[in-house]
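Predicted, not measured: the structure shown is a model, and the values here were computed from it.
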Amino acid sequence: MIRLKFSSLVALALGALPFAMSAQSGSVTEQLPPKTWVDKDTGHRVWRVSDEPNSGAFYFNVNAYTPDHKQMVYNSPVGIRVLDLATMKTSMLVPNSPPPANADTSPMARFGRGAHAIVVGHKTNSIFFTRIVPATHINAIYKANTNTGEIRKLTDLPARLGVSSINADETLGAGTYNEADVPGGDPNAPNAFVANAPLPPRAANANAAANLGGAHVQADDKGQMMERRLAARIPLVLFTIRLEPGTNGEKPGTIKLLLHSTDWVNHLLFSPTDPDLLMYCHEGMWQKVDRIWLIHTDGTHNTLIHKRTMAMEIAGHEFWGLDGQTIWYDWQYPKGEDFFLASYNLQTGKRAAYHMQRNEWSIHFNLTKDLDLFTGDGGDPGQVAQAPNGEWIELFYPKIVPQGEGALNGPDFWQPGVFKSEPLVNMAHHNYRAEPNVRFSPDKKFVFFTSNMFGPSYIFGVEVKKAENPPAADIQSTPELARKYNPVDPTPTTTPK
């Protein structure tokens with residue numbers, strides 16, 4: 001459980017609040033944001049969790065918690081760090097190498113160097129990451145023990161090969177590569193990969209604003225980039241790579257081909273419980289692709305999870321339920337008009353859909369294991385929902401729509417539900433080009449998120465339970481408080497959706 005000594009922390013944090021800020025300069029202050037306050041608009045207490053400017057949580061659907069639920073791993077520009085959930089103290093786990101002379105020092109450039117976190121293991125207290133050795137320029141996958149700090153190299157990676165997910169028993173990684181990079185067709189042959197292959201298409205955040213921190217910043221031209229990449233129809237391979245010796249003598253580094261495709265395959269996510277199940281998506285503008293797919297690690301059962309029945313119907317931002325049996329996703333029927341969080345149970349085949357209002361829609365959603373609470377990170381008016389008042393961290397209480405006596409139902413019917421929302425944090429001063437990526441703490445007492453409302457990005461945690469009789473000095477308007485440190489007002493995103 002998370003045990004915070006609220007009285008001492010609050011006193012320390014509020015005593016250090018620098019309300020006489022230099023906002024008149026019109027620039028972002030270099031002072032740390034306050035440690036805690038109570039959001040005047042919601043009544044919930046907010047805590048700043050990280051101390052490193054431009055630190056950020058993992059992408060919303062990537063596991064950040066150790067299996068014993070005692071630690072959360074996160075990114076910072078100087079390396080991978082660990083948060084102790086009992087004390088809320090952080091420590092460095094995998095430091096980055098010093099940057100070269102005259103290196104780009106912008107937040108996005110710093111995230112592009114050093115250790116690249118993949119996921120926290122579902123079996124052991126460890127973080128999997130890749131890192132290029134400066135002396136040899138060889139990329140490799142490593143595993144760092146979050147308790148002891150021990151780092152173990154698992155396998156080298158061929159040039160231009162990336163891994164983006166690790167399976168539940170921590171024996172396989174998954175990724176994609178362009179077929180042109182392996183002209184002989186066999187990735188396990190000696191010197192199979194072209195050493196100096198052409199650069200791949202620019203990443204979605206390669207043109208992101210240099211002043212926005214964190215690892216998940218949308219580029220100004222993200223929509224155009226997605227259109228170009230989808231239209232290119234680049235032949236690629238979806239693969240797994242062994243991280244540990246296999247039962248049939250497979251060696252670490254052995255690559256297995258799962259799928260050849262000219263679709264843009266992306267967002268690989270192994271099941272958190274079944275080591276043989278891999279979810280992936282056909283990336284691109286959602287109305288132009290059949291997005292959500294599931295495949296077994298032997299290459300069989302390649303299955304579309306959601307098949308549209310309406311033009312301009314979209315589904316995406318998929319993620320695993322914590323039970324490993326349910327896939328959840330944002331479903332709009334049609335796009336930008338009617339909003340649901342939908343689910344598909346792999347064991348029963350049953351589907352459910354929780355309806356929400358336009359202002360309740362979120363870029364990303366998350367949930368608790370027992371499904372009694374959901375959360376969302378909101379969105380500005382430039383997002384697909386075009387919500388006029390959607391800039392909130394939200395708490396959702398799910399409710400299944402009651403079915404009266406005699407109501408027709410069937411095994412293939414969607415089971416309807418609705419969300420009752422409760423705002424947690426006013427995000428009006430957050431620039432939504434950097435994604436908040438909400439997640440519950442394992443004990444369900446906090447929702448963690450990343451925000452740049454104070455200028456640089458930091459990780460924050462908001463208490464799920466409302467503050468009880470907080471001192472009057474604690475209660476602050478979150479946007480007004482943030483503006484004291486960061487007088488620059490955010491502009492809505494304009495990326496085509």
Side-chain angles (χ1 to χ4, degrees), residues 58-62 164-165 176 203-205 216-219 222-231 238 261 263-271 278-295 302-321 326-346 351-356 358 360-367 374-380 382-387 390 394 396 414 419 432-439 493 495-497:
F58 290 177
Y59 195 52
F60 82 106
N61 57 14
V62 173
S164 57
S165 191
T176 63
N205 61 1
H216 305 290
V217 181
Q218 296 183 23
K222 179 182 177 181
Q224 292 90 337
M225 182 282 299
M226 294 179 72
E227 292 280 18
R228 292 194 301 268
R229 175 59 183 85
L230 180 63
L238 173 64
S261 179
D263 291 299
W264 180 11
V265 174
N266 201 6
H267 286 287
L268 314 185
L269 281 174
F270 274 110
S271 161
L278 176 65
M279 181 165 63
Y280 69 93
C281 82
H282 287 179
E283 186 69 280
M285 305 302 283
W286 291 6
Q287 68 271 19
K288 297 184 177 183
V289 297
D290 289 320
R291 179 169 167 112
I292 308 169
W293 294 77
L294 195 69
I295 193 169
N302 188 36
T303 305
L304 177 63
I305 297 302
H306 181 98
K307 185 175 179 60
R308 62 168 45 85
T309 58
M310 177 190 288
M312 294 303 292
E313 171 187 355
I314 62 172
H317 282 167
E318 58 284 347
F319 61 103
W320 286 99
T326 309
I327 293 172
W328 294 83
Y329 52 95
D330 174 5
W331 179 35
Q332 299 177 33
Y333 196 80
K335 175 182 177 179
E337 295 299 333
D338 215 2
F339 308 94
F340 300 84
L341 184 65
S343 69
Y344 172 67
N345 187 287
L346 303 182
R351 298 181 184 270
Y354 291 90
H355 187 261
M356 68 196 80
R358 183 177 299 276
E360 297 172 327
W361 174 87
S362 292
I363 302 172
H364 300 126
F365 298 88
N366 231 311
L367 43 70
F374 292 74
T375 185
D377 51 15
D380 65 28
Q383 301 288 337
V384 64
Q386 298 181 330
E394 297 269 15
F396 297 116
W414 286 85
F419 276 158
Y432 268 93
R433 282 181 52 210
E435 299 169 346
N437 289 304
V438 286
R439 72 192 71 231
T493 54
T495 299
K497 304 297 189 297

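- Between Arg433 atom CZ and Thr493 atom OG1 the span is 9.0 Å, to the nearest 0.5 Å.
- Note that CG of Asn302 is 8.5 Å distant from CG of Leu294, once rounded to the nearest 0.5 Å.
- Applying the side-chain hydrogen bond (donor to acceptor under 3.5 Å, both in side chains) rule to Trp361 yields the partners Asp330; only residues at least two apart in sequence or on another chain are considered.
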Would you please test Lys335 and Val384 for side chain to side chain contact (heavy atoms under 4.5 Å, CB included) and show each step? CA-CA 8 Å; Lys335 175 182 177 179; Val384 64; 3.8 Å; yes
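- Evaluation of the side-chain hydrogen bond (donor to acceptor under 3.5 Å, both in side chains) rule for Arg439 yields no partner, not counting sequence neighbours.
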Test salt bridge (Lys or Arg N to Asp or Glu O under 4.0 Å) applied to Lys307 and Asp290, step by step: CA-CA 7 Å; Lys307 185 175 179 60; Asp290 289 320; 5.4 Å; no
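- Between the CD1 atom in Ile305 and the CZ atom in Arg291 there is a gap of 13.0 Å [rounded to 0.5 Å].
- Atom CD of Glu435 is separated from atom CG of Asp377 by 7.5 Å, given to the nearest 0.5 angstrom.
- In terms of heavy-atom proximity, Thr326 sits nearest to Ser343 at CG2-CB, 3.7 Å.
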Test side chain to side chain contact (heavy atoms under 4.5 Å, CB included) on Val265 and Trp293 and set out the steps. CA-CA 10 Å; Val265 174; Trp293 294 77; over 6 Å; no
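- Residues Val62 and Phe60 have side chains not in contact (no heavy-atom distance under 4.5 Å, counting atoms from C-beta outward).
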Is there a side chain to side chain contact (heavy atoms under 4.5 Å, CB included) between Tyr344 and His306 once you walk through the steps? CA-CA 9 Å; Tyr344 172 67; His306 181 98; over 6 Å; no
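- At least one side-chain heavy atom of Ile363 sits under 4.5 Å from a side-chain heavy atom of Gln383.
- In this structure Ser165 satisfies the side chain to side chain contact (heavy atoms under 4.5 Å, CB included) test together with Leu268, Phe270, sequence neighbours excluded.
- Taking all atoms of both residues into account, the shortest heavy-atom contact from Tyr329 to Glu318 is CB-CA, 3.9 Å.
- Contact detail for Gly378 and Ser362: the closest heavy-atom pair is N-OG, 2.8 Å.
- Using a 30° and 60° split on the angle between ring planes, Trp414 and Trp331 fall in the parallel class, below 30°.
- In terms of heavy atoms, Ile292 sits closest to Met279 at CG2-SD, 4.0 Å.
- In this pair, Phe419 and Phe374 present their aromatic rings tilted. The plane angle is within the 30 to 60° band.
- When all heavy atoms of Ala387 and Arg358 are compared, the pair lying nearest together is CB-O, 3.5 Å.
- If you look at His267 and Tyr59, their ring centroids are closer than 6.0 Å.
- Atom CH2 in Trp286 sits 4.5 Å away from atom NE2 in His317 (nearest 0.5 Å).
- Atom NE2 of His355 and atom CG of Leu341 lie 12.0 Å apart (nearest 0.5 Å).
- Side chain of Thr375 to backbone of Glu394: a donor-acceptor contact under 3.5 angstrom is found.
- Ring geometry for Phe396 against Phe365 counts as tilted: the plane angle lies between 30° and 60°, on a 0 to 90° scale.
- Contact detail for Val289 and Glu283: the closest heavy-atom pair is CG1-O, 3.6 Å.
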